[in-house]
J.: 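Mind having a look at this structure? Questions to follow.
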Amino acid sequence: MSGDSCLSQHHTLSDCTSPPPPLACPKTKTCSYQGAVGLGNKYVRLNVGGNLFYTTLQVLTRQNSMLKAMFSGKKEVFTDKEGWILIDRSGKHFGSILCYLRDGTVTLPKGRQAVQELLAEAKYYLVQGLVELCQNTLQGNKEQPLCVIPVVTSSKEEERLIQSSAKPVVKLVYNRSNNKYSYTSNSDDNLLKNIELFDRLSLSFNGRVLFIKDVIGDEICCWSFYGQSRKLAEVCCTSIVYATEKKQTKVEFPEARIYEETLNTLLYETMPLPDNSLLEATRRSYTNCGSHSEEEEGPGGAELRERVRRIHVKRYSTYDDRPLGH
């Protein structure tokens, strides 16, 4: 019996006078591949979910799989009118199945989802070696998060994280509901920009800076920067403005200032601390930001006491509010 003996030779037309439906399935014929194992290099034409494959009986029967059962006479197979053997399965990864049957190994597709899809096909065709290969790959390549951002829910939890961290800390407080006035038209967009900047910075400095989110703080949108468990600076992004004779809350997006303060925290990344002149340059205060006076120490010289730089973004609501020369 040849490998093509099961193909139908004649197809009779239907006697019905009504036209056939437009999506009618192709006619198929059931046959058996008994004795096909001995045909060696006889090529077989496969139609797997609409994808066409050529292979040999030797490859299909090489391992103890469902395909071997199909083409050794243990299972019936279906062919269409053109002689293609039909397998009602997705053909997306069938090429990988054939490669593994042929060579005993295969290069797995990229991506966890693609490997999972191939694993499902290998289980269906009972190709045990490929099943184990996919499972070992999935277990060894578990997806790890790019970075972990703790979300604090209490002041004690926040203090514990900051005090125990050996890395600089950047904290973003955002609480849109903590407002008794209406927001200006651009406030929601700026609040979103602050959140997106926080996400970008957390990815860029992952492993070097600890980023914390605070969603229960008293501020609407405020950045805080810490080094060696001490608060170094604070950037408040909200202000109260007058518009149409009533107060409104305005959220700003001081991107450059936030970047600058984040880079300044990296000075506290390693031990020991940088030299005093470098720290003094980053701790300087500005007269227009509510600076505190310096504390004079003993005869050893004057030293800057620890203080927090608070930067509040100031904007003018009307043209007349701006000082002359602006």
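Remember, it's a predicted structure, so these values are computed and weren't measured experimentally. Throughout, numbering of the chain's residues begins at 1 and tracks the sequence.
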J.: Is it the case that the ring center of Y54 lies less than 6.0 angstrom away from the ring center of W84?
T.: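 Yes.
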J.: To the nearest 0.5 angstrom, please state how far the CG atom of D189 sits from the CD atom of E196.
T.: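 Between atom CG of D189 and atom CD of E196 there are 9.5 Å.
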J.: Has T137 got a side-chain atom pairing as donor or acceptor with L133's backbone, closer than 3.5 angstrom?
T.: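 Present.
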J.: Output all residues satisfying salt bridge (Lys or Arg N to Asp or Glu O under 4.0 Å) with R160, sequence neighbours left out; order by chain, then residue number.
T.: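 For R160, no residue satisfies salt bridge (Lys or Arg N to Asp or Glu O under 4.0 Å) once neighbours in sequence are set aside.
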J.: Quick one: does E157's side chain have a donor or acceptor within less than 3.5 Å of a partner on T153's backbone?
T.: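 It does hold such a pair.
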J.: Could you walk me through whether R45 and L52 satisfy the side-chain contact (heavy atoms from CB on, under 4.5 Å) test, starting with their C-alpha distance in whole Å, then the side-chain angles of each, then the deciding distance to 0.1 Å, before giving a yes or no?
T.: CA-CA 7 Å; R45 299 184 297 175; L52 306 181; over 6 Å; no
J.: Hey, mind stepping through L46 and T55 against side-chain contact (heavy atoms from CB on, under 4.5 Å) and telling me if it holds?
T.: CA-CA 8 Å; L46 301 175; T55 188; 3.9 Å; yes
J.: If I take atom CG from residue L60 and atom NZ from residue K68, how far apart are they, to the nearest 0.5 angstrom?
T.: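 Answer rounded to 0.5 Å: 12.0 Å.
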J.: State, with a plain yes or no, whether a side-chain heavy atom of L210 is found less than 4.5 Å away from one of P168.
T.: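 Answer no - side chains too far apart.
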J.: Taking everything shown except E159 itself, do over 12 heavy atoms lie less than 6.0 Å from its CD?
T.: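 It does not: E159 CD has 12 such atoms or fewer within range.
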J.: Just how far is it from atom NZ of K193 to atom CZ of F253, taken to the nearest 0.5 Å?
T.: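 Between atom NZ of K193 and atom CZ of F253 there are 7.0 Å.
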J.: Could you tell me whether the side chain of V152 reaches within less than 4.5 Å of the side chain of L161, counting heavy atoms only?
T.: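 Side chain of L161 against side chain of V152, heavy atoms only: contact under 4.5 Å found.
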J.: Between L119 and Q135, is any pair of side-chain heavy atoms under 4.5 Å apart?
T.: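 They are in contact (side-chain heavy atoms under 4.5 Å apart), so the answer is yes.
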J.: Taking only residues two or more places apart in sequence or in another chain, which ones pass side chain to side chain donor-acceptor pair (under 3.5 Å) with S204?
T.: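 By the side chain to side chain donor-acceptor pair (under 3.5 Å) rule, S204 matches no residue at all.
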J.: Run the side-chain contact (heavy atoms from CB on, under 4.5 Å) check on L138 and Q116 step by step: do they pass?
T.: CA-CA 8 Å; L138 291 174; Q116 290 174 338; 3.8 Å; yes
J.: List in chain and number order the residues that pass salt bridge (Lys or Arg N to Asp or Glu O under 4.0 Å) with K167, two or more places apart in sequence or in another chain; answer none if no residue qualifies.
T.: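 So K167 forms no salt bridge (Lys or Arg N to Asp or Glu O under 4.0 Å) with any residue.
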J.: Partners of N51 by side chain to side chain donor-acceptor pair (under 3.5 Å), sequence neighbours excluded?
T.: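 N51: no side chain to side chain donor-acceptor pair (under 3.5 Å) contacts found.
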J.: Tell me, please, which residues at least two apart from S187 pass side chain to side chain donor-acceptor pair (under 3.5 Å).
T.: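 Once residues adjacent in sequence are excluded, the partners of S187 under the side chain to side chain donor-acceptor pair (under 3.5 Å) criterion are T184.
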J.: Please answer: with hydrophobic residues joined when any side-chain heavy atoms are less than 4.5 Å apart, are I258 and Y226 in the same cluster?
T.: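 Different hydrophobic clusters.
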J.: Taking salt bridge (Lys or Arg N to Asp or Glu O under 4.0 Å) as the test, write out the residues that go with R62, two or more places apart.
T.: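 Counting only residues at least two positions away or on another chain, R62 forms no salt bridge (Lys or Arg N to Asp or Glu O under 4.0 Å).
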J.: I'd like to know if L67 and V127 are part of one continuous hydrophobic network [Ile/Leu/Val/Met/Phe/Trp/Tyr, side-chain heavy atoms within less than 4.5 Å].
T.: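 Yes; tracing contacts between hydrophobic side chains, which count when under 4.5 Å, links both residues.
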J.: Which ring-ring contact (aromatic ring centres under 6.0 Å, His included) pairs, counting each pair once, include a residue from residues 151-182, with sequence neighbours left out?
T.: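 Applying ring-ring contact (aromatic ring centres under 6.0 Å, His included) to every pair that reaches into residues 151-182, excluding sequence neighbours, yields nothing.
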J.: Please find the pair of heavy atoms, one from N175 and one from Y183, that lie closest to each other, and give the distance.
T.: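 For N175 and Y183, the tightest heavy-atom pair comes out as O-OH, 4.5 Å.
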J.: Grab the two heavy atoms, one from P150 and one from V148, that are nearest each other, plus how far apart they are.
T.: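 So the minimum-distance heavy-atom pair works out to CD-O, 3.6 Å.
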J.: I'd like a table of donor-acceptor pairs (distance under 3.5 Å, sequence neighbours excluded) in which one partner is a side-chain atom from residues 92-108, with atom names and distances.
T.:
{"residue": "K92", "atom": "NZ", "partner": "E117", "partner atom": "OE1", "Å": "3.0"}
{"residue": "H93", "atom": "NE2", "partner": "E117", "partner atom": "OE1", "Å": "2.9"}

J.: Please name all residues satisfying salt bridge (Lys or Arg N to Asp or Glu O under 4.0 Å) with E158, sequence neighbours left out, ordered by chain then number.
T.: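 Listed in chain order: K171.
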J.: For A166, which residues count as a side chain to side chain contact (heavy atoms under 4.5 Å, CB included) partner, sequence neighbours excluded?
T.: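 With neighbours one apart ignored, the set is empty.
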J.: So, are R257 and E252 salt-bridged, with charged N and O less than 4.0 Å apart?
T.: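 Looking at E252 together with R257, the answer is no, because their closest N to O distance does not fall below 4.0 Å.
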J.: With sequence neighbours left out, what residues match D188 under side chain to side chain contact (heavy atoms under 4.5 Å, CB included)?
T.: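 Once residues adjacent in sequence are excluded, the partners of D188 under the side chain to side chain contact (heavy atoms under 4.5 Å, CB included) criterion are R176.
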J.: Report whether V169 and Y259 are members of the same hydrophobic cluster (ILVMFWY, side-chain heavy atoms less than 4.5 Å apart, transitive linking).
T.: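 No; tracing contacts between hydrophobic side chains, which count when under 4.5 Å, never links both residues.
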J.: Which value, rounded to the nearest 0.5 Å, describes the distance between S224 atom OG and E261 atom CD?
T.: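 Between atom OG of S224 and atom CD of E261 there are 10.5 Å.
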J.: Would N264 and T262 count as a side chain to side chain donor-acceptor pair (under 3.5 Å) here? Give the steps.
T.: CA-CA 5 Å; N264 284 339; T262 303; over 6 Å; no
J.: Do side-chain atoms of S202 reach the backbone of D199 as a donor and acceptor pair under 3.5 angstrom?
T.: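 Such a contact is found between S202 side chain and D199 backbone.
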J.: Testing the basics here: between S90 and V48, what is the closest heavy-atom pair and its distance to 0.1 Å?
T.: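 Taking S90 first and V48 second, the nearest heavy atoms are O-CG1, 3.8 Å.
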J.: Output all residues satisfying side chain to side chain donor-acceptor pair (under 3.5 Å) with S229, sequence neighbours left out; order by chain, then residue number.
T.: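 Residues passing side chain to side chain donor-acceptor pair (under 3.5 Å) with S229: none at all.
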J.: Are V59 and F53 linked, directly or through intermediate hydrophobic residues, by side-chain heavy-atom contacts shorter than 4.5 Å (ILVMFWY only)?
T.: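 Yes, F53 and V59 fall within the same hydrophobic cluster.
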J.: When you look at E219 and D214, which way does the side-chain contact (heavy atoms from CB on, under 4.5 Å) test go after all the steps?
T.: CA-CA 10 Å; E219 298 288 345; D214 186 350; over 6 Å; no
J.: Students often mix this up, so state it plainly: with edges at 30° and 60°, are the rings of W223 and F198 parallel, tilted or perpendicular?
T.: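 Correct class here is tilted.
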J.: Regarding R89 and the six-membered ring of Y124, is the cationic atom NZ or CZ under 6.0 Å from the ring centre and inside 45° of its axis?
T.: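 Verdict for Y124: a cation-pi partner in R89.
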J.: Which value, rounded to the nearest 0.5 Å, describes the distance between L232 atom CG and R230 atom CZ?
T.: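 The CG atom of L232 sits 7.0 Å away from the CZ atom of R230.
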J.: Is any side-chain heavy atom of I87 closer than 4.5 Å to one of M70?
T.: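 A side-chain contact exists here, since the closest heavy-atom pair is under 4.5 Å.
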J.: Nearest heavy-atom pair of K247 and S182: which atoms, and what distance?
T.: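 Closest heavy-atom pair between K247 and S182: O-OG, 4.3 Å.
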J.: To the nearest 0.5 Å, tell me how far L197 CG sits from R200 CZ.
T.: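 If I round to the nearest 0.5 Å, the distance is 5.0 Å.
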J.: Work out which heavy atom in C236 is nearest to a heavy atom in C222; give both atom names and the distance.
T.: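 Scanning both residues completely, I find the closest heavy atoms to be CA-SG, 4.1 Å.
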J.: Going only through I, L, V, M, F, W and Y residues with side-chain contacts under 4.5 Å, is there a path from I149 to F225?
T.: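 I149 clusters together with F225.
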J.: Taking all non-hydrogen atoms of both residues, which atom of L172 and which atom of I195 are closest, and how far apart?
T.: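 So the two residues come closest at CD2-CA, 4.3 Å.
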J.: Using modelled atom types only, decide if a donor and an acceptor are shared between the side chain of N190 and the backbone of V251 within a distance under 3.5 Å.
T.: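 A pair under 3.5 Å: yes.
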